[in-house]
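The next block holds one structure in the form of structure tokens; read it before the comments.
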Amino acid sequence: MITSLLIANRGEIACRVIRTARRLGIRTVAVYSEADAGALHVRMADEAVAIGPAPARESYLVGERIIAAAKSTGAEAVHPGYGFLSENADFAQAVIAAGLIWVGPKPASIRAMGLKDAAKERMIAAGVPVTPGYLGEDQSPDRLKAEADAIGYPVLIKAVAGGGGKGMRRVESAADFRDALASCQREAASSFGDDRVLIEKYILSPRHIEVQVFGDGHGNVVHLFERDCSLQRRHQKVIEEAPAPGMDAATREAVCGAAVRAAQAVDYVGAGTIEFIADASEGLRADRIWFMEMNTRLQVEHPVTEEITGQDLVEWQLRVASGEPLPKRQEELSINGWAMEARLYAEDPAKGFLPSVGRLDWLTWGKDAGRIETGVSEGDTVSPFYDPMIAKIVSHAASRASAIDALSTALAGIFIFPIRTNAGFLCRAVTHSKFRSEQIDTGFIERNIDDLLPPAVPSPAALQHGLAVLRWNDNAYESDSWNGGLTGFRLNRPRIDTALILVDGETHQAPVGDLRHDVQSVEPPGFALINESGQTYVISAWRASAVGGTLSDGALTAPMPGRIVAVEVAAGDAVTKGQRIVVIEAMKMEQALVAPFDGIVAEIGPAAGAQVSESTLLARIEASEG
């Protein structure tokens, strides 16, 4: 068995490999860029070596530095994880040439499956069904269009050297083909340095089915059953599960058997995945499932296979790389229950899924979180330089319905701030009625996006809870706005039934109602972080409002300690209801205070740049007469 291992990767996969290596008594070496000097995988490893600046092309993609790190630390082997150099045949060859053990397939196998056209030809020879299409040498636009016309629209144009959803175009009609081809070729040349393409029949009800395969150096190849990765957004997997819904025994045997033949055709050693596309318009049928490509590495979604088989695939990798035979024969492997995985990203679904980077000031998993695969902990930073995945949330249960329930519970309990995440989006996806009833294909998210995006404002019950937190918070409970405004005990003030609050920087009304229930304070005063179905909302209130939503005296006070970012009016200015008056920054968020009614700016408080405490008067508006 290998005794020392360098992990040529970062984040959750590096942490994942380190955990198994530690259990097996293997010393681990981490590598890190300048941006990752304090990262979790660095803290977990027995030793760590700096390999360059933050950009991956200057660190994690520089094979020479990684090999030098392995040799300088006495590591026997290199595990590439996934992404970065994991499917780079030249790097694999360089590792072997340096006298190190490569924890992965043979370089020749990587090359054989690296180009989609050559891989398909090899699969046809091995008797593996492939999608109808064209993958010839003649790349002239006229020939490609003629082939597309013959296949029948819609078709899919795919870069021969493509991956990760790049270099792909769906074409609906002959009239659109030439423009789509030119666009695809430009992207392929830019991303992969190769503008060659292939044409495939576009499947109208596609399911993404993949099979985990494993080979050793003794001629053995097995499969560990299939996964369904159909829930995707822009060709990127979002939720994966195993086994595949609707897969009967005969179809499973046919598909998994084809996957084993595919691996044998390239003399495969180690972990790999054979990806298929299925036409699910009439359910899963063996004669409507075709080979797409092979990933010559461990997949991001490998935990769902581990959960249903009870096997540690990283341990299998290390044992096979050490020269041992596969730990199990095919007849010793079976499916136990159902597993699901959701990819938790630092991104904002409300803003087109833009990445959200920064420090993880709050990171809490729910009490029933299940299996969490992560490369960060509270206080760490999500860097703009790498993939913004925070964690993989994995559930395992006896049935698909129970696995969904377990996963949704885990997602609902995630509490992360101030980084935005897709937890609420994921929670709504797995609890969607059509997902539960197995009405899924790769277009599921696009078709149902309006249902899957969390609402901008939490439910009335959650707002009540947020107001309760604010009211019982140390300063807020004693403040004039809460005692006078909400309870109505100040002379000449009407009883207040609603409050103006800020939810993620936007003004909303909320019913006050009965707030007398047990809550916890949130620091700093004036804030409540409310988690509802995985979505974290920032709630603050600065003044109680009368019924109808106006601030009775026109005073705008700081809702929390913070810094004045901008003062957008001057004393004496006429303003209209809803107009921005002052912008305050706190908790790394900007919040705008607006005019509660039409009027005149009677008073302006501290200037832009000033630090203010909670309840500081920032402006006062006098109502217009008449």
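Side chains are part of it too, since the values below use all heavy atoms of this structure and drop only hydrogens, waters and symmetry mates.
One side chain, Q299 or R297, offers a donor N or O that lies under 3.5 Å from an acceptor on the other. Side-chain N/O atoms of S33 and Y386 include a donor and acceptor closer than 3.5 Å. A donor-acceptor contact closer than 3.5 angstrom links the side chains of T20 and D312. Using modelled atom types, one finds no donor on one side chain facing an acceptor on the other under 3.5 Å when comparing Q232 with T442.
Checked for salt-bridge contact, R227 and E240 miss the test: no charged N lies under 4.0 Å from a carboxylate O. Salt bridge status for R207 with D441: absent, with no side-chain N to carboxylate O gap under 4.0 Å. Between R43 and D380 there is a salt bridge, since at least one side-chain N of the basic residue sits less than 4.0 Å from a carboxylate O of the acidic one. Under a 4.0 Å N-O distance rule, the pair R111/D90 qualifies as a salt bridge. Ion pairing between a basic and an acidic side chain is recognised when a charged N comes within 4.0 Å of a carboxylate O; R371 and E307 show such pairing. A salt bridge between E301 and R343 is present, with a side-chain N of the basic residue lying under 4.0 Å from a carboxylate O of the acidic one. Using a 4.0 Å cut-off between charged nitrogen and carboxylate oxygen, R19 and E315 do not count as a salt-bridge pair. Salt-bridge annotation for K237 and E210: present, with a side-chain N of the basic residue lying under 4.0 Å from a carboxylate O of the acidic one.
In terms of modelled atom types and a separation under 3.5 Å, the side chain of Q212 and the main chain of G272 share a donor-acceptor contact. Within the 3.5 Å criterion, the main-chain N or O of V266 finds a donor-acceptor partner in the side chain of S109. In this structure, the side chain of K392 engages the main chain of V300 through a donor-acceptor pair within 3.5 Å.
To the nearest 0.5 Å, the span separating CG on D368 from OG on S395 amounts to 12.0 Å. Separation of atoms OG (S377) and CE (M44) is listed at 10.5 Å; rounding is to 0.5 Å. One finds the NE2 atom of H396 at 4.5 Å from the CG atom of N336 (value rounded to the nearest 0.5 Å). Put simply, CG on L407 and CD1 on I239 are 6.5 Å apart, with the number rounded to the nearest 0.5 Å.
A distance of 6.0 Å or more separates the ring centres of F415 and W365. A ring-centre distance under 6.0 Å is not found for Y268 and F214.
Taking a 6.0 Å sphere around CD of E378, one finds it holds more than 12 heavy atoms contributed by other residues, nucleotides or ligands.
The salt bridge (charged side-chain N to carboxylate O under 4.0 Å, His left out) analysis of residues 183-192, with sequence neighbours excluded, yields the pairs R169-E187.
For the side-chain contact (heavy atoms from CB on, under 4.5 Å) test, residues two or more places apart in sequence or in another chain that qualify with V160 are L115, D117, R196.
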